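So the structure is just underneath, and the comments pick up after that.
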Amino acid sequence: MSDKILMTPGPTMVPKEVLDVCHLQPYHHRTPEFYELFSCLNSNLKKIFKTNMDVLTLTSSGTGGMEAVVANLFKKGDKVLVASIGHFGERFYDITKAYGLDSDIIDFGWGNAVDLNKLEDALKKNEYKALIVTQNETSTGVTNDIKAIADVAKRHDVPVIVDAVSSLGGIPLEMDEWGLDAVVTCSQKCLMSPPGLSFVALSERAWQMAEESDLPKYYFDLKKARRGVQKEKPDNPYTPAVSTIMAVKKATDMLLNIGMDTVYKNQHLIGEKVRKTIKDIGLKLFPDESISSDLLTAVEVPEGYKAGDIINYMSERGILITGGQAHLKGKIIRIGHMGYITDEMLDLTFDALKNALSDLS
Ligand SMILES: *Cc1c(COP(=O)(O)O)cnc(C)c1O
């Protein structure tokens, strides 16, 4: 087995303490051991989502959590606004279309953040049932100011749905404090665990919307999931990814032991270190530094190089990074540094990148 270092914006590296629980015999999901485990996980997740509402665990990747939010909150033909700054904003829009919503998308441009004035204008003009926005746009390495966006939405009384798939547990997000109505994340990004689970929390207002929703759903029926977590012995409606639950329970214990404020601070220092090193090497950051993500760094491919060659070179030396998506393919490379990242991983990545640039020139 090759042990590559995943400097990718999901899946991310899994720390040894978490790997140690991954190889255990999974608990049966209708046993006291499982109820205890799941109850601890649920309470950890609430502390990381910063919410008093239930956090639901779905067996799917992050996209399944996004789909669950759409299927559970809306009625056919509802008007929603998607504020997109890249690939994942577009994905959320596509999901709303797949469910027959009358959604609009404002594209702020790949590499930009949401412009609050333009957002305000759009919300003013229409009666939207919800605003959908991405906290950390993984395709471009840009972080939106969700608190400021939620403040704009609040002025127009529009519920806010946040794709925090690549950000929750890595940068600040205060679900209750900021008045967010739906927050989605998954196991394989900042939560330092293997893929397999998505997590969704809804506000009171969102649960009321769920009462009126008429869109088809079965496996991703959030009311069923909520009945499960509210039991005295909490469980899931169907067999969940028990091994990943064991992993996320362990990983969230670790994050909470460090303390979320310290986690955010460390993550910010890592972001700064990566940006500084990239500039020192002579490369150009893709987004403006003021909106650059602390969780991944998108870098312009320098003249005379091919993105694929740099990625392959580094991969052959054990470091996996990724390229651009859609029209940014070939134009940028993306270095993920979210979740479990050590100085050694960063140094190996910088060395491999520098060697790629000199050997491929
Ligand atoms: C990774 C990611 C997703 C979901 O991806 P999955 O492969 O379905 O887990 C959604 N949004 C963002 C911003 C992401 O980074």
Side-chain angles (χ1 to χ4, degrees), residues 6-7 9-22 36-57 62 65 135-136 138 143-148 150 162-180 183-194 197-201 203 229 234 244-276 292-297 336-347:
L6 302 182
M7 299 301 286
T12 59
M13 293 299 279
V14 177
K16 172 153 193 319
E17 294 89 327
V18 176
L19 289 176
D20 282 347
V21 304
C22 291
E36 170 67 23
L37 167 76
F38 193 46
S39 158
C40 293
L41 172 74
N42 295 339
S43 113
N44 283 0
L45 288 170
K46 286 165 86 150
K47 289 177 192 148
I48 297 177
F49 276 67
K50 309 278 173 81
T51 185
N52 288 318
M53 303 301 290
D54 295 308
V55 181
L56 311 175
T57 294
Q135 184 176 27
N136 184 69
T138 319
T143 298
N144 273 319
D145 184 344
I146 293 297
K147 184 176 188 300
V162 182
D163 169 354
V165 172
S166 68
S167 50
L168 196 100
I171 56 175
L173 180 138
E174 305 268 344
M175 176 166 168
D176 291 357
E177 179 80 23
W178 298 353
L180 309 178
V183 176
V184 185
T185 197
C186 72
S187 52
Q188 83 274 14
K189 304 220 176 171
C190 297
L191 298 183
M192 314 189 297
S193 298
L197 295 175
S198 67
F199 305 103
V200 175
S203 68
V229 302
T244 309
I245 289 182
M246 293 163 100
V248 180
K249 151 70 170 63
K250 182 71 197 174
T252 50
D253 279 347
M254 290 170 69
L255 290 173
L256 291 167
N257 275 336
I258 299 168
M260 294 317 293
D261 287 341
T262 308
V263 169
Y264 303 148
K265 198 161 57 183
N266 292 343
Q267 193 65 71
H268 178 62
L269 293 175
I270 290 170
E272 286 196 321
K273 181 171 176 177
V274 175
R275 289 189 289 277
K276 179 173 184 308
S292 280
S293 169
D294 285 332
L295 305 166
L296 81 147
T297 299
H337 38 83
M338 60 182 75
Y340 175 56
I341 294 291
T342 62
D343 284 339
E344 192 194 4
M345 293 176 201
L346 289 175
D347 291 341

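Note that the coordinates shown come from a computational prediction; the quantities given were computed from them, not determined experimentally.
For the pair Val165 and Lys189, the tightest heavy-atom approach, listed with the atom from each and the gap, is O-CB, 3.6 Å. Residues Gln135 and Ala164 share a closest heavy-atom pair of OE1-CB, 3.9 Å.
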Under the salt bridge (Lys or Arg N to Asp or Glu O under 4.0 Å) rule, what do Lys265 and Asp261 come out as? Steps first, then yes or no, please.
CA-CA 6 Å; Lys265 198 161 57 183; Asp261 287 341; over 6 Å; no
Dump the intermediate steps for salt bridge (Lys or Arg N to Asp or Glu O under 4.0 Å) on Lys250 and Asp20, then the final yes or no.
CA-CA 10 Å; Lys250 182 71 197 174; Asp20 282 347; over 6 Å; no
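Using modelled atom types and a 3.5 Å distance limit, the side chains of Ser166 and Thr138 yield a donor-acceptor pair. A donor atom on one side chain and an acceptor atom on the other are not found under 3.5 Å apart for Asn42 and Asp54. Neither side chain, Ser167 nor Asn136, offers a donor N or O lying under 3.5 Å from an acceptor on the other.
In this structure, CD1 in Ile146 is found 7.5 Å from CG in Leu173, a value given to the nearest 0.5 Å. Note that the NE2 atom of His337 and the NZ atom of Lys273 stand 11.5 Å from one another [nearest 0.5 Å]. Between the CZ atom of Phe199 and the CD1 atom of Ile48 there is a distance of 9.5 Å, given to the nearest 0.5 Å.
Here the side chains of Thr185 and Phe49 are in contact, with some heavy-atom distance below 4.5 Å. Annotation: side chain of Asp294 is not in contact with side chain of Thr143 (no heavy-atom distance under 4.5 Å).
Every side-chain contact (heavy atoms from CB on, under 4.5 Å) that Leu19 has, sequence neighbours left out, goes to Val14.
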